[in-house]
Amino acid sequence: MENTALMGTGNWLGILSAILMVLCFYFFLTFLQHLKAGEQRLIRQSKIAAVLCLAVSLLVPLLYNLYLYSEMMK
């Protein structure tokens, strides 16, 4: 029963990762728009949001896979 819950979690984490990638792309595009307009505060906020979304979208599956690997090696 416990293993099936872990496998379902991987699917949801994949969906979350894809959503965060789309958000990263959105914030990158808004970064470029604010860069063209010269709005410094919004440039900084968009850049930080894009980097955070990208980092989380890449780290969540990595950490989950490391957890699964450690559970399988027990």
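Positions are given from 1, in the same order as the sequence printed here.
- Residues Phe27 and Val56 are members of one and the same hydrophobic cluster, defined by side-chain heavy-atom contacts under 4.5 angstrom among Ile, Leu, Val, Met, Phe, Trp and Tyr.
- Atom CG of Leu66 sits about 12.0 Å away from atom CD of Glu71, to the nearest 0.5 Å.
- For the atom pair SG of Cys53 and CG of Leu23, the computed distance is 5.0 Å after rounding to the nearest 0.5 Å.
- With sequence neighbours left out, Gln33 forms a side-chain hydrogen bond (donor to acceptor under 3.5 Å, both in side chains) with no residue at all.
- A 4.5 Å side-chain heavy-atom check between Ser17 and Val60 finds every atom pair outside the cut-off.
- Evaluated for a side-chain contact (heavy atoms from CB on, under 4.5 Å) with Ile43, the options Leu35, Ile48, Leu32 yield exactly one hit, Leu35.
- To the nearest 0.5 Å, atom SG of residue Cys24 and atom CD1 of residue Ile19 are 14.0 Å apart.
- Put simply, NZ on Lys47 and OG1 on Thr30 are 12.5 Å apart, with the number rounded to the nearest 0.5 Å.
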Test side chain to side chain contact (heavy atoms under 4.5 Å, CB included) applied to Leu63 and Tyr67, step by step: CA-CA 6 Å; Leu63 295 175; Tyr67 171 74; over 6 Å; no

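- Taking hydrophobic clusters as Ile, Leu, Val, Met, Phe, Trp and Tyr residues chained together by side-chain heavy-atom distances below 4.5 Å, Leu59 does not share a cluster with Leu16.
- Residue Leu54 is found in a hydrophobic cluster whose other members, listed by chain and number, are Met21, Leu58; membership requires side-chain heavy atoms under 4.5 Å apart, directly or through intermediates.
- A distance of 9.0 Å separates CG of Asn65 from CG of Leu13, quoted to the nearest 0.5 Å.
- Taken from CD in Glu39 to CD in Gln45, the straight-line distance is 10.5 Å, to the nearest 0.5 Å.
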